[in-house]
**Student:** 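Quick one: structure below, then a few questions.
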Amino acid sequence: MKQYNHKLIEKKWREKWRKSGLYKTEESFSVESGSASGGKKPKSYVLDMFPFPSGEGLHVGHPKGYIATDIYSRFKKMNGYNILHPMGWDAFGLPAENYALERKIHPKAAVDKNIKRFREQLSLLGFNYDWSREINTTDPDYYKWTQWIFLKLFEKGLAYESDEPINWCPSCRTGLSNEDLEGNVCERCGSAVKKKPLRQWMLKITDYAERLLEDLKELDWPESIKESQRNWIGKSQGVEIEFKIQNSKFKINVFTTRPDTLFGATYCVLAPEHKLVKKLKPRIKNWREIEKYIEKAAAKSEIERLTEKKEKTGAELKGIKAINPANNEELPVFIADYVLAHYGTGAIMAVPAHDERDWVFAKKFNLPIKQVICQFYQEPKCPVLNEAYLGEGKLTQSGKFNGIDSEKAKKEITKFVGGKITVKYKLRDWVFSRQRYWGEPIPIIHCDPPAGGCGVVAVPESDLPVKLPEVKNYEPTGTGESPLANIKKWVKTKCPRCGREGRRETNTMPQWAGSSWYYLRYIDPKNDQSLVDKKKEKYWSPVDLYAGGAEHATRHLIYARFWHKFLYDLGAVNYSEPFKRLQNVGLIIAEDGRKMSKRYGNVVNPDDIAAVYGADTLRIYEMFMGPFDQAVSWSTESIIGARRFLEKIYSLAFKIKITPNNPAEAGLAGQANQNSKLENLLHRSIKKAGEDIENFKFNTAIAQMMILTNEMEKSETLPENIFETFLKILAPFAPHLSEELWEKLGRKTSIHSEKWPEYDPRMIKEKTFELVIQINGKVRAKMEAPAEAGEAELRGMALNHPVIKEKLAGRPPKKIIVVPGRLVNVVI
RNA sequence: GCCGAUGUGGUGAAAUUGGCAAACACGCAGCACUCAAAAUGCUGUGGGCUCACGCCCUUGUGGGUUCAACUCCCACCAUCGGCACCA
């Protein structure tokens, strides 16, 4: 018998598949225009989060998700679906640029080199990608359309310039969006982020907050990801209430979710940056102190604010009083940095009795604490609070509202003071410009000659793409200007509107731009006329299955949904959500329990594993390691199990015997019986593998195939039709080996074009089962029983079992529970 | 602090959704083959008591519901993720 030579087999089939174009996507919608292939096939768009081609190359963790989508899409294909399963590169952005800077090469050269390496590594694993649809976000033909989307956003007023202070990473020397922070640290390099006022391009993602939240309901995504997005969007329903400032025309507009506590407000607080503070300057008696506080607050980094969290600071605006609209009480007004300028109205009414932060502040500044919600209502007295009470209750010390429930009081008090019901979100607009070289140029021209110009002008669509200029020196400047600003020849241009001299926008887009719509490009990768052909898009969209890491929950996955909804509103796409079903890939941790990284020297390279054990073995192993969405530790020691499994299958191919049509007739009764057992197991395996693939439970699908393999091995003979069918269910998992053995059986066409076998429900049913007999819930005996035996029959069998008879010793059982097909429980 | 997830043998894990806990695999031990080793095959492998037939205990901890709980309910502990002065 020959040895299982994975090297030969895998190389052979990779080449054959490439030559035959086996994995090329069929454009079935063209059927309408009269092609020969018959009716419209159902489609399945199976997508991996495309990788950033880093200099480190792939480690064994990367392919985990790719293997899963490969299995899934092969399975779908066998079930008659038309498959779109593409791959591409997310190659713009900071990491690529930093990598190039370190090595003193051009980012373009670095990216090209890394992509080549990635492609090689991926091709070794036998994936069914249609490489004719490969895309690259740094390709001008691609980013032309990224820029086009920006122009549309600009046109619709959703891209705007702003000078608000934003997050600045001093080490990466660029501004960052909220989503780019982890805590208050740059997600990329871990440096503490500073606040820096900077001219920025912003995208108005907040306009879509409600729809981003609402439409989560219809998505088949892991609950944890949906929950993260809900938290990130952070919707809260509340009320805006105006507090007049005594003896003036000014008002403080506060936002609160607890209007029921209005009578308990004992002071107001404005954020230090609040515009009203400057307006009130002439009337503030301690302006110097206030000014100092504002400066101090502005200088504080977010880190400092964080560490000082519990320690509240602030300053009273002396000479200013606000009037509580509920009871006309005069309240002192403070500025304090525990109130955030960018959330709500940047101003609050403080109710120390019913808010933890206000409580702490009130204690520190010796302000009155007035309880107005009573948990155990016993008017006129309430138990004294020793901390803020946040719950519901009945109102007290609230005038005519005393005694009513807080929930009801919310509405009534709002009405009483003319409050405006509003909804606020934590989500903030997307800081969209980066002061770096390696990104898509923002297609904007500034027309600002001394005599007065057109201002900010969009580059005409016909001039797209605005190509990133070739440069020698692309180091970030750190001044808040992009390195592009130094390329005078590139910056200097004509205003497309008036023809006078203009300057190009020199900021670039963040890495997230290209990945916010790439899944559409795969549908129509060569299109130069529009973003995507709408007819093609209608057929292929939405992505049916999207697999990738959970770390994208509030970054890529929220940005892409935002852009998609915008494109939907624009009429450029047919559906309002891009990704119907999402599967999280659990990380593969290194054997030492840490993340795999060159830094720790614990990287396992998939090429090495594939060389020693084979790509099919690696595929089986990674899918067998554990539940797909769970993090697991790599163990080179355990791979051998997957390898043994495939070796067994390989040697089984030499064991096949064509059995007579009717073995019983041929005097092989025992063997016929054995074969029918095998057949039974086969049908159950078809069912289990199919269901498990659909549910991304590859580990148990493989376990089932192992059980079947072990049985086939034990069996005296192995009928060819059984082994043949088994190969089909193995095919998505181990494409090379199954194809090889398929050929060995004399088949001329590819196993990957075969139909997924159907199981016969009658074949799955066993004739008998092992009846478990319990006494008081403990197993006391087991016996063979007919599968279709009814309750009465099973009860009789159990009670007649010698062991049970003995245990009962003549006593009558109290109760007997019979579960047909399973057990009998006798209670005594 | 809030939200989410997880907790089962030496290890990765499984359990038809309330019905035999530990399938499948790794590892380990013994045996066979071998001069020997590797590979392979067979047997065993949660813990305790017992010469043994057997019996008892066991799914993070404590309680509860049930004929029956890894699964449902209550309280707690631990680990990992996300958010965090969001009014």
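As a basis for the values below, the full set of heavy atoms in this structure was taken, side chains included, without hydrogen atoms, waters or symmetry mates. Naming convention: chains lettered A, B, ... in sequence-line order (proteins, then strands); numbering from 1 in each chain. All values derive from a computational prediction rather than experimental measurement.
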**Student:** Kindly indicate whether a cation-pi arrangement holds for A:Lys64 with A:Phe628, taking the cut-offs as under 6.0 Å to the six-membered ring centre and within 45° of the axis.
**Tutor:**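 Positive - A:Lys64 is close enough to the ring of A:Phe628 and near enough to its axis.
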**Student:** Return the nucleotide paired to B:rG27: Watson-Crick means purine N1 to pyrimidine N3 with N6-O4 or O6-N4, wobble means G-U with N1-O2 and O6-N3, both under 3.5 Å.
**Tutor:** B:rU45
**Student:** Hey, are A:Arg644 and A:Glu647 close enough for a salt bridge, meaning a charged N less than 4.0 Å from a carboxylate O?
**Tutor:** no
**Student:** Select base, sugar-phosphate, or nothing to describe what A:Lys778 touches, counting heavy atoms under 4.0 Å on all strands.
**Tutor:** sugar-phosphate
**Student:** With RNA chain B as reference, determine whether A:Leu181 or A:Leu427 sits nearer its 5' end, using the nearest nucleotide of each.
**Tutor:** A:Leu181
**Student:** Contact class for A:Thr554 vs. all strands (heavy atom < 4.0 Å): base, sugar-phosphate, or nothing?
**Tutor:** nothing
**Student:** Can you list the residues that meet the ring pair (Phe, Tyr, Trp, His ring centres under 6.0 Å) rule with A:Phe365, with sequence neighbours excluded?
**Tutor:**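 Ring pair (Phe, Tyr, Trp, His ring centres under 6.0 Å) list for A:Phe365, sorted by chain: A:Phe334, A:Phe361.
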**Student:** Determine whether a donor-acceptor pair (one donor, one acceptor, N or O, separation below 3.5 Å) exists between the side chain of A:Asn231 and the base of B:rC83.
**Tutor:**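 Donor-acceptor pair under 3.5 Å: no.
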**Student:** Give a yes or no on whether a salt bridge exists between A:Glu210 and A:Lys235, defined as a side-chain N under 4.0 angstrom from a carboxylate O.
**Tutor:**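 So A:Glu210 pairs with A:Lys235 through a salt bridge.
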**Student:** Starting at the 5' end of nucleotides 21-26 of chain B, put B wherever the base has a protein heavy atom under 4.0 Å, S where only the sugar-phosphate does, and a dash everywhere else.
**Tutor:** --BBSS
**Student:** Decide yes or no, distance alone: a donor-acceptor N/O pair under 3.5 angstrom between the base of B:rC20 and the side-chain of A:Lys782.
**Tutor:** yes
**Student:** Rounded to whole Å, please give me the gap between CG in A:Asn776 and P in B:rC67.
**Tutor:**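 So the two atoms are 11 Å apart, to the nearest Å.
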**Student:** When you measure only distances, ignoring hydrogens and angles, does the side chain of A:Arg684 come within 3.5 Å of the base of B:rU16 through a donor and an acceptor?
**Tutor:**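 No.
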**Student:** Restricting to pairs with a member in residues 619-638 of chain A, which pass salt bridge (charged side-chain N to carboxylate O under 4.0 Å, His left out), not counting sequence neighbours?
**Tutor:** A:Asp70-A:Arg619
**Student:** What does B:rU59 pair with, Watson-Crick or G-U, if both distances are under 3.5 Å?
**Tutor:** none
**Student:** Give A:Arg780 one of three labels, base, sugar-phosphate or nothing, depending on what nucleic acid heavy atoms sit under 4.0 Å from its own.
**Tutor:** sugar-phosphate
**Student:** Both distances below 3.5 Å, Watson-Crick or wobble geometry, any strand: find the nucleotide opposite B:rA69.
**Tutor:**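 Across any shown strand, B:rA69 pairs with none.
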